[in-house]
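Input: a single structure, listed below in structure tokens.
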Amino acid sequence: MIKDELQQLISEKKATIGVIGLGYVGLPLIVEFCLKGFNAVGFEVDEHKTSEISAGRSYIVDVTSENVAKCVIEGKLTATTDFSQLANCDVIIICVPTPLRKTKDPDMSYILTAGAEIQKYMRPGQLIILESTTYPGTTDEVLQPMFEEKGFKLDEGFLLAFSPERVDPGNPQFQTHNIPKVVGGVSDDSTEAAAMLYGQIVGQVHTVSSARVAEAAKLWENTFRAINIGMANEMAKLCNALGIDTWEVVRAAATKPFGFMAFYPGPGIGGHCIPLDPHYLSWKARQHGFDSQFISLAEQVNSTMPNYVVELATTALNDSKKSVNGSKILILGVAYKKDIDDMRESPALSIIDLLRADGADVYYHDPFVPEVTFDHAYTIGAGDPLYNKELTDDLIRESDCVIICTEHTPVDYNRVCELASLVVDTRDALSVETRGESKARIVRL
Ligand SMILES: NC(=O)c1ccc[n+]([C@@H]2O[C@H](COP(=O)([O-])OP(=O)(O)OC[C@H]3O[C@@H](n4cnc5c(N)ncnc54)[C@H](O)[C@@H]3O)[C@@H](O)[C@H]2O)c1
């Protein structure tokens, strides 16, 4: 039985772990296996990443270069673009991107490419696990037939499971080792082997009856988040209309110890997960004739938040007899969330686009992001790239409006409020004290 053989290898830490895709998900994962004593091979298409790893350097915020170097020096970690080495792996974990097409349908091309590489170099006795977020049915409808086509039988020739990744980049409290792992195999043997594997690197493994349940659980988690943020955003607009401070309302409601979970409004949603994942679920639902209305509504509210932020800035400038056209606008924070460098789907991109389309002179300061390009499919414009500007006193003073899009910790918001004339705060970055002493006009989401 290949399950017994694999479990033996795993328990003795003799199983070689292959990870396909060494990004925000794959790199922390592979390093965790190496730190726990496994030999691992990372497979990448980006040669820059493989050479960085080989040189002992990390390019992911939650992984230290010290740990990468340690794993490389001890001979536990190698990274390669040569997929023929997949044949040497006992376990293969797929961590490639799952973006959307322009039509907002799932783009399965990365999973299919990774699956094709595995199919090419597969040998009997391997456990294959998909970690990329995807619609229910991907593992058994898409991957399983590819491996069977090669002539291998499930349980006899290979094992196959889905285990969603829940890593939260930049979160110092929860990292790979202390985030419980959900595991669902396409067979019982697959579930058991995959659960045992993850038990080596995480404290808690929760098994479910199928890969589909595990796939659906991940999408539920992120859809839950997208919908609740959508509601927080709608509440922000509603509170603004009523002249009530949204943030004060959320903080008050959050004191209830049960039946309420705080979600916060913001300039829109970003990152590779929350804006995309609900579409994977609604797309699959549509195949079955089901229309997921909550998902559509949240998408509509969240995706128009950048327009709302621009509206707030426009009205505030207008009050000072200024137009957006010709105004100097400083965007503070462009990454999609606090204290990380990830620009994927960042709402700041849409805000910059909209302001530039209206004729504003837009620039930004973000201690984590040196450069912003506008060739993304999800921005409306294709303007010139922008480069991080030093946050000097003159820069703040000369700006007609400062829009706080992301509340990075290193930024001195007291100084911003001392020197600026108008600040639009979309993140509750300014404390009550800062606001109290501020000479600037402050507009809050
Ligand atoms: N970023 C997150 O916070 C997060 C959290 C949970 C789940 N996820 C999910 O995990 C998956 C990966 O996301 P990510 O953020 O790590 O993406 P990423 O873009 O940071 O990393 C993916 C890596 O895969 C590489 N790649 C692409 N095609 C490849 C191929 N055929 N072979 C080898 N490497 C290939 C890319 O070069 C890239 O380095 C996605 O499905 C995402 O939804 C991401």
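Both counts, for ligands and for their atoms, begin at 1 and track the order of listing. Nothing fancy with the numbering, it's 1 onward along the sequence. Values reported hereafter were calculated over all heavy atoms of this structure, with side chains retained and with hydrogens, waters and symmetry mates removed.
When the heavy-atom distances from atom 3 (O) of ligand 1 to Gly271, Pro169, Ser132 are ranked, the shortest goes to Pro169. The option with the heavy atom closest to atom 43 (O) of ligand 1, from among Thr113, Asp342, Val96, Thr133, is Thr133. Taking only non-hydrogen atoms, the option from Tyr24, Phe43, Phe83 nearest to atom 32 (N) of ligand 1 is Phe83. Nearest to atom 8 (N) of ligand 1 by heavy atom, out of Asp168, Ile20, Val25, is Val25.
In terms of protein heavy-atom proximity, atom 2 (C) of ligand 1 is closest to Cys273 SG, 3.8 Å. Looking at atom 41 (O) of ligand 1, its nearest protein heavy atom turns out to be Thr98 OG1, 2.6 Å. Ranking the protein heavy atoms by distance from atom 28 (N) of ligand 1 puts Tyr110 CD2, 3.5 Å first. In terms of protein heavy-atom proximity, atom 6 (C) of ligand 1 is closest to Glu165 O, 3.1 Å. Among protein heavy atoms, atom 36 (C) of ligand 1 sits closest to Glu44 OE2, 3.4 Å. Looking only at heavy atoms of the protein, atom 18 (P) of ligand 1 is closest to Arg344 NH1, 3.6 Å. The shortest contact between atom 26 (N) of ligand 1 and any protein heavy atom is with Val45 CG2, 3.7 Å.
A salt bridge does not link Asp155 to Lys3: none of the charged side-chain nitrogens sits closer than 4.0 Å to a carboxylate oxygen. The pair Glu131-Lys181 counts as a salt bridge, with a side-chain nitrogen and a carboxylate oxygen less than 4.0 angstrom apart. Salt-bridge annotation for Lys337 and Asp168: present, with a side-chain N of the basic residue lying under 4.0 Å from a carboxylate O of the acidic one.
Contacts of Glu117 with ligand 1, taken as heavy-atom pairs under 4.0 Å, are absent altogether.
In this structure, the side chains of Asn302 and Asn233 come closer than 4.5 Å at one or more pairs of heavy atoms. The shortest side-chain heavy-atom distance between Cys405 and Arg427 does not fall under the 4.5 Å cut-off. Proximity of Pro367 to Val411: side-chain heavy atoms (C-beta onward) are separated by under 4.5 Å at one or more points.
Using the six-membered ring where Trp is involved, His408 and Phe368 have ring planes that are tilted, between 30° and 60° apart.
Close approach of ligand 1 to Cys95 (heavy-atom distance below 4.0 Å) involves ligand atoms 12 (C), 22 (C).
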Test Arg123 against Asp90 for salt bridge (charged side-chain N to carboxylate O under 4.0 Å, His left out), laying out the working first.
CA-CA 9 Å; Arg123 57 149 172 90; Asp90 302 294; 3.0 Å; yes
